[in-house]
Engineer: 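To start, I am sharing the structure in question, which I have written as structure tokens.
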Amino acid sequence: MSLGAAAAVPQESAQRARAVGVLGGGQLGRMFVHAAQRMGWRVLVLDPEVDGPAAQAADRVLRAAYDDPLALDELARACVAVTTEFENVPAASLQALSGRVMLAPAAPAVHICQHRAREKAHFVASGVACAPYAVIEREADLAAVGEALFPGVLKTSQLGYDGKGQCGVDDRASLGRAWRETLGGLPCVLEARLPIRCELSVVLARGVDGAMVHLPVQQNLHRDGILALTQVPAPDIDAATAAQLVALAQRLAQSMAYVGVLCVEFFVLDDGRVLANEMAPRPHNSGHASIDACDVSQFELQLRTMLGLPLVMPRQHSAAVMLNLLGDLWFEEGSSQAPPREPDWARLLALPGAHLHRYGKAQPRPGRKMGHLTFTAATPAQARATALQAARVLGLPAF
Ligand code: ADP
Ligand code: MG
């Protein structure tokens with residue numbers, strides 16, 4: 001072996017130690033890239049799309065399918081640890097990486113979270129209450145559904161997001177039609193439509209040693225199945241309920257031996273009951289305010305978990321309201337044919353405590369997440385007041 005080759009080995013491994021990889025190229029990956037680069041890690045992004053939000057920020061992009069063996073091999077060679085920003089990465093791809101790099105989250109947890117029926121089974125097995133539900137995978141399942149699930153919401157087990165892959169069903173006859181025609185006979189779950197008082201989420205991080213920290217409980221308002229805004233601290237729950245939600249999220253993480261950042265969405269019903277809705281094995285839209293309102297963001301927690309770095313409890317230093325900027329805002333009401341125009345950034349940025357995040361997406365489309373605005377302030381009332389002003393500027397309803 002030549003001296004040159006011997007010297008090259010430690011250099012290559014030193015480079016690898018400073019590089020981390022992300023499977024997925026959306027805005028969650030982009031914000032992860034920003035957090036990791038700030039702390040001095042290089043980031044490789046694996047994304048099949050061209051010029052995606054994360055790729056624009058990455059140190060290096062591997063443009064390939066998530067199950068491309070050469071790309072996965074390159075990721076394992078070039079990075080010390082790999083994470084995901086997208087729960088629909090094939091579990092087999094994660095399996096291919098496991099053992100070669102530190103992987104957070106690991107394949108078994110992603111396998112549960114990417115499938116609603118498995119996820120609900122995990123809630124039940126962990127003793128965490130969720131909506132009454134039935135699994136619909138074949139014709140015969142339709143007749144077996146109990147009356148208590150009507151009216152209900154039928155959801156595809158896989159690949160649903162932002163209210164996509166869902167439809168309301170009033171009775172058994174509409175269930176059959178919805179399942180066959182609207183959702184194409186795909187594996188689904190039917191759950192009872194619930195009287196929801198408010199929606200909340202807990203973002204936690206769990207390390208390889210089992211240590212857990214979490215962001216403050218977030219209160220989320222959805223419109224048309226898409227997250228519209230998040231308030232933190234949550235205005236409509238007491239401290240005991242917040243503690244209960246954190247404990248439930250921790251129980252779910254623990255029972256999956258989870259390592260990484262996990263978000264659990266909850267419903268609080270009109271009668272006060274708390275139900276788990278769904279989990280995301282990654283940072284979550286509802287945790288974006290942590291970038292500007294907490295001393296440790298959900299993306300820094302993601303980096304820390306994947307590298308086995310210490311987890312410290314994030315401290316919220318400002319009250320915050322986060323408004324999602326959907327592509328609808330680029331179009332005059334009712335005229336999605338007209339050329340899109342940007343919202344009035346100057347007026348929005350004139351508001352105190354405004355933090356603008358744009359995801360670098362070229363094409364606005366109704367329902368597409370183009371960015372978000374977080375308003376921070378000394379008190380929740382002030383954060384809400386400025387966010388309400390912003391909502392008026394944007395033409396969004398009050399909350
Ligand atoms: P997604 O993966 O699209 O976020 P969710 O299951 O979280 O799917 O549903 C999106 C939103 O739809 C929820 O945040 C909630 O506002 C509403 N929703 C979902 N399930 C129910 C239900 N069973 N009853 C009433 N509203 C629901
Ligand atoms: Mg959801």
Side-chain angles (χ1 to χ4, degrees), residues 24-31 49-54 56 85-86 88 153 155-156 159-168 182-183 196 198-201 218-232 263 265 277-278 280 283-289 291-292 320-351 353-376 383-399:
Q27 61 267 19
L28 298 171
R30 179 184 180 92
M31 290 180 266
E49 307 287 324
V50 187
D51 196 37
Q56 290 169 22
E85 64 101 52
F86 169 64
N88 294 312
V153 185
K155 306 179 177 180
T156 56
L159 301 171
Y161 69 99
D162 288 349
K164 293 186 180 68
Q166 294 192 12
C167 61
T182 317
L183 299 180
I196 296 171
C198 60
E199 298 193 46
L200 301 127
S201 57
Q218 299 141 173
Q219 185 166 326
N220 306 318
L221 179 69
H222 292 79
R223 295 187 181 124
D224 301 324
I226 308 180
L227 183 67
L229 62 100
T230 295
Q231 300 180 80
V232 54
C263 177
E265 295 180 10
N277 173 30
E278 61 171 352
H284 192 257
N285 193 169
S286 62
H288 289 354
I291 299 173
D292 302 302
V321 177
M322 191 260 348
L323 300 181
N324 261 345
L325 300 170
L326 300 182
D328 312 59
L329 300 174
W330 272 245
F331 300 96
E332 298 283 354
E333 207 174 329
S335 70
S336 56
Q337 309 312 15
R341 43 139 189 81
E342 298 272 315
D344 190 344
W345 302 127
R347 267 181 84 193
L348 293 162
L349 291 171
L351 296 168
H355 306 269
L356 176 62
H357 299 255
R358 284 192 287 162
Y359 305 151
K361 297 180 184 177
Q363 294 304 326
R365 279 195 298 273
R368 189 173 201 207
K369 290 173 178 169
M370 301 299 291
H372 70 269
L373 265 169
T374 299
F375 292 93
T376 53
R384 182 162 181 273
T386 14
L388 280 167
Q389 278 180 276
R392 271 196 298 278
V393 171
L394 290 164
L396 292 172
F399 54 90

Engineer: Can you find a pair of side-chain heavy atoms, one from Gln56 and one from Asp51, that are under 4.5 Å apart?
Structural biologist: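 Side chain of Gln56 against side chain of Asp51, heavy atoms only: contact under 4.5 Å found.
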
Engineer: Using a 4.5 Å cut-off on heavy atoms from C-beta on, say whether the side chain of His355 contacts that of Ile291.
Structural biologist: no

Engineer: Looking at every heavy atom in both Leu348 and Ala354, which two are closest together, and how far apart are they?
Structural biologist: O-CB, 3.6 Å

Engineer: Under the criterion side-chain contact (heavy atoms from CB on, under 4.5 Å), I'd like the reasoning laid out for His288 against Leu28: C-alpha separation, chi angles, the key distance, then a yes or no.
Structural biologist: CA-CA 9 Å; His288 289 354; Leu28 298 171; 3.3 Å; yes

Engineer: Atom NZ of Lys164 and atom CG of Leu159: how far apart are they, to the nearest 0.5 Å?
Structural biologist: 12.5 Å

Engineer: Pair up each side-chain donor or acceptor in residues 365-375 with any protein partner under 3.5 Å, not counting sequence neighbours, and list the distances.
Structural biologist:
{"from": "Arg368", "atom 1": "NH1", "to": "Gln363", "atom 2": "O", "distance (Å)": "2.7"}
{"from": "Lys369", "atom 1": "NZ", "to": "Asp162", "atom 2": "OD1", "distance (Å)": "3.0"}
{"from": "Lys369", "atom 1": "NZ", "to": "Asn285", "atom 2": "OD1", "distance (Å)": "2.9"}
{"from": "His372", "atom 1": "ND1", "to": "Tyr359", "atom 2": "OH", "distance (Å)": "2.6"}

Engineer: Do Pro397 and Arg223 come within less than 4.5 Å of each other through their side chains, counting heavy atoms only?
Structural biologist: yes

Engineer: Which heavy atom of Ala320 sits nearest to which heavy atom of Ala289, and what is that distance?
Structural biologist: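 What the structure gives for the nearest pair is CB-CB, 4.0 Å.
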
Engineer: So, Glu265 side chain and Ser201 main chain: donor-acceptor pair closer than 3.5 Å or not?
Structural biologist: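 Checked: no pair found.
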
Engineer: Any Lys/Arg nitrogen of Arg358 or Glu342 sitting under 4.0 Å from an Asp/Glu carboxylate oxygen of the other?
Structural biologist: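 Salt bridge: yes.
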
Engineer: For the atom pair CE (Met322) and OG1 (Thr376), what is the distance rounded to the nearest 0.5 Å?
Structural biologist: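 So the CE of Met322 and the OG1 of Thr376 are separated by 13.5 Å.
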
Engineer: Could you tell me the separation between the CG atom of Leu183 and the CD atom of Gln166, rounded to the nearest 0.5 Å?
Structural biologist: 9.0 Å

Engineer: Under 3.5 Å, is there a donor on one side chain and an acceptor on the other for Gln218 and Thr230?
Structural biologist: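 There is no such pair (donor and acceptor under 3.5 Å, judged by atom type) between the side chains of Gln218 and Thr230.
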
Engineer: Give me each pair satisfying side chain to side chain donor-acceptor pair (under 3.5 Å) with a member in residues 386-399, each pair once, sequence neighbours excluded.
Structural biologist: none

Engineer: Would you say OH of Tyr161 has more than 12 non-hydrogen atoms from neighbouring residues, nucleotides or ligands within 6.0 angstrom?
Structural biologist: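 Counting neighbours around OH of Tyr161, 12 or fewer heavy atoms of other residues, nucleotides or ligands fall under 6.0 Å, so no.
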
Engineer: Can you check salt bridge (charged side-chain N to carboxylate O under 4.0 Å, His left out) on Arg30 and Glu85, steps first, answer last?
Structural biologist: CA-CA 9 Å; Arg30 179 184 180 92; Glu85 64 101 52; over 6 Å; no

Engineer: Could you give the distance from CG (Leu227) to CG (Asn220), rounded to the nearest 0.5 Å?
Structural biologist: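 So the gap between those two atoms works out to 5.0 Å.
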
Engineer: Count the heavy atoms of every other residue, nucleotide or ligand shown that sit under 6.0 Å from CG of Asp224, and state whether that count exceeds 12.
Structural biologist: no

Engineer: Supply the atom-to-atom distance Leu394 CG to Asp328 CG, rounded to the nearest 0.5 angstrom.
Structural biologist: 11.5 Å

Engineer: First locate atom CG of Leu200, then atom CG of Asn277, and finally report the distance between them rounded to the nearest 0.5 Å.
Structural biologist: 11.0 Å

